[in-house]
Amino acid sequence: MADPAPGSSLVHVVAGILRDPGGRVLVAQRPEGKQHAGCWEFPGGKVEPGETPEAALTRELREELGIRARVGRRRIAIPHAPIRLDVREIESFEGHPRSREHQRLRWIEPERVDRTLLPLADRPALTSLCLPDRYMITPVPEDGRESAFLSTIESALEDGIGLIQLRLPAWSREHVAALARRVRDLCRGSGARILLHADWRLAAILGLDGVHLPARVARALAARPLGHGSLVAVSCHDRAELRHAAEIGADFATLSPIEATRSHPQANALGWKTASAWLDDAGLPVFALGGLGAEQCIRALDSGFQGIAAISAFWRPDRIF
C-alpha cells in the first residue's frame, strides 16, 4: 500500500479482503523503508485522480500481487488522518497472489490476527471480519417465563445467531446476573458471544463477552470501559454519536431507526440513503437497526453496514414475550 504524500490532505486509500477456500484472509507486511514498516495490513493502495475505488483496487492488486480481482461491496470506511481507508470485499480473483513489492504475505484466520500488529486504520476492518452479519437483541421475558426465554435463545443459536445482546432494563442486578449466567452458558456451548446491556462492570464480573452501551451512557465516557479482550458496542442515532463511539474505541455500533418502528413511533426514520452516507466517516462496523426484517440483511450489507441488529427478525414469533 502506497504512503500518502507528506503534508497532503486526507488521502483516499482502498484495501481488499481476499479469502482462500478455507476462509483465511490475506495480509501483507509493510517492508523496511515504508511508514509502519513491519506492520501487517490488507493489500491495496491510493486512489489516483480520476479513478473509481473499484478501478484503483483492481490496479493495486494487479501491481502488488499479480492477480486479476473482481471487487465487490464496501465493507467499511475508516477515516484515520492522513488517510481515509475504504475496505472492499474481493468477490473473486484469478491468479496466485505473490509478492511483487518486497512485502511478506500470509493467509490467516481473522480471529487469529494480532490487532496490535496492524496499523490503527486497519484495526476496525479486522474487527468487522470477526463479527457476524446478524446481531440479535433479546426482548424482556415476563416473570415466570425465563425457561421459555432460554428455549428461544437455544433456537436462535441453532439457527446460527452468533452475537446476542441481553437487554433487561429495570431488572435488579441480582436477577440480571442470574439469567445472564444461564444465557452465557448456552452461548459458550455454541461458540456465540453475549453482550450485556449497559452494565459493563457486571458483564466483566460474569465473564460475558462484553457490553452494549446506550447512547446516554457512552456520551459520558472518554474511553472504552473494557479492555480489547472484550467487545464494546454503542447505540447511535446520528453522525455525532457514531463519531463519539469511534473516538472512545468502541468495537462496533448500531444505528437506528433505519425504518419506522412500532416500539418507537415518535422517532423519525433515517432511511437507507441518509444512514448509508453516515457510514462514510463512522470509522467502525455499524449494524442497521429499527424496523428491519431478516430479509433486509443483504440490503444492509450492500449499503455498507456490518449487517442488521433486531429483536423480532431473529426471535421466533411464536415465542415473543
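Residues take their numbers from the sequence shown, with the count starting at 1.
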When you compare the side chain of [Y] with that of [X], does any pair of heavy atoms fall below 4.5 Å?
{"X": "Ile308", "Y": "Phe314", "answer": "yes"}
{"X": "Arg219", "Y": "Glu241", "answer": "yes"}
{"X": "Thr138", "Y": "Trp315", "answer": "yes"}
{"X": "Arg59", "Y": "Glu51", "answer": "yes"}
{"X": "Glu89", "Y": "Arg73", "answer": "yes"}
{"X": "Ile67", "Y": "His96", "answer": "no"}

In Å and rounded to the nearest 0.5 Å, what is the [atom1] to [atom2] distance from [X] to [Y]?
{"X": "Ser230", "Y": "Leu196", "atom1": "OG", "atom2": "CG", "answer": "12.0 Å"}
{"X": "Gln165", "Y": "Ile311", "atom1": "CD", "atom2": "CD1", "answer": "8.5 Å"}
{"X": "Leu105", "Y": "Glu64", "atom1": "CG", "atom2": "CD", "answer": "9.0 Å"}

Practice prompt. Using a cut-off of 6.0 Å, state whether more than 12 heavy atoms not belonging to Glu111 lie near its atom CD.
Written response: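 Yes, the 6.0 Å shell around CD holds more than 12 heavy atoms from other groups.
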
Discussion item. For the CZ atom on Arg70, are there more than 12 heavy atoms of other groups (residues, nucleotides or ligands in this structure) within a distance under 6.0 Å?
Written reply: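 No.
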
Discussion item. With clusters defined by side-chain heavy atoms of hydrophobic residues (ILVMFWY) lying less than 4.5 Å apart, directly or transitively, does Met136 cluster with Leu150?
Written reply: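 Leu150 and Met136: one cluster.
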
Discussion item. Applying a strict under-4.5 Å side-chain criterion to I, L, V, M, F, W and Y, I'd like to know whether Leu179 and Leu206 cluster together.
Written reply: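 In one cluster: yes.
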
Worksheet entry | Of all pairs that satisfy salt bridge (charged side-chain N to carboxylate O under 4.0 Å, His left out), the ones with a partner from residues 158-168, not counting sequence neighbours |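 For residues 158-168: Asp159-Arg316.
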
Taking the basic N atoms (NZ, or NE/NH1/NH2) and the acidic carboxylate oxygens, is any pair closer than 4.0 Å for [X] and [Y]?
{"X": "Glu109", "Y": "Arg24", "value": "no"}
{"X": "Asp251", "Y": "Arg224", "value": "yes"}
{"X": "Arg74", "Y": "Asp280", "value": "yes"}
{"X": "Asp281", "Y": "Arg239", "value": "yes"}

Item to complete: Please confirm whether Phe252 and Tyr135 have ring centers closer than 6.0 angstrom.
Response: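 Yes - the distance between ring centres of Phe252 and Tyr135 falls below the 6.0 Å cut-off.
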
Worksheet item: Looking at Phe305 versus Trp278, is the centre-to-centre ring distance below 6.0 Å?
Response: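 Between Phe305 and Trp278, the centre distance exceeds or equals 6.0 Å.
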
Discussion item. As a quick check of understanding, evaluate salt bridge (charged side-chain N to carboxylate O under 4.0 Å, His left out) for Arg88 and Asp86, giving each step before the final call.
Written reply: CA-CA 7 Å; Arg88 303 284 177 130; Asp86 183 353; 2.9 Å; yes

Discussion item. Here's one to test your reading of the geometry: is the NZ or CZ of Arg30 within 45 degrees of the ring axis of Trp40 and under 6.0 Å from its centre?
Written reply: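 No.
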
Worksheet item: Which atom pair, heavy atoms only, marks the closest approach of Ser190 to Leu157?
Response: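 Looks like OG-CD2, 3.5 Å.
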
Item to complete: Quickly, which of Val27, Leu129, Ile76, Leu26 forms a side chain to side chain contact (heavy atoms under 4.5 Å, CB included) with Ile17? Name it, please.
Response: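 Looking at Val27, Leu129, Ile76, Leu26, the match for Ile17 under the side chain to side chain contact (heavy atoms under 4.5 Å, CB included) is Leu129.
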
Worksheet item: Is it true that a side-chain atom of Arg68 and a backbone atom of Thr58 form a donor plus acceptor pair closer than 3.5 Å?
Response: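 Between the backbone of Thr58 and the side chain of Arg68 there is no qualifying donor-acceptor contact (under 3.5 Å).
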
Discussion item. Applying salt bridge (charged side-chain N to carboxylate O under 4.0 Å, His left out) to Arg100 and Glu63, what does each step give before you reach the verdict?
Written reply: CA-CA 7 Å; Arg100 302 181 72 178; Glu63 294 172 355; over 6 Å; no

Fill in: Audit row: Trp200, Leu221, side chain to side chain contact (heavy atoms under 4.5 Å, CB included) steps and yes/no
CA-CA 12 Å; Trp200 69 84; Leu221 298 176; 4.1 Å; yes

Discussion item. Test of understanding: with side chain to side chain contact (heavy atoms under 4.5 Å, CB included), list the residues that count as partners of His175, not counting sequence neighbours.
Written reply: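 Checked His175 against side chain to side chain contact (heavy atoms under 4.5 Å, CB included); matches are Trp171, Ser172.
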
Residues 287-298 side chain polar contacts: donor-acceptor under 3.5 Å, at least two apart:
{"unit_1": "Gln296", "atom_1": "OE1", "unit_2": "Gly293", "atom_2": "N", "d": "2.7"}
{"unit_1": "Gln296", "atom_1": "NE2", "unit_2": "Glu259", "atom_2": "OE2", "d": "2.9"}

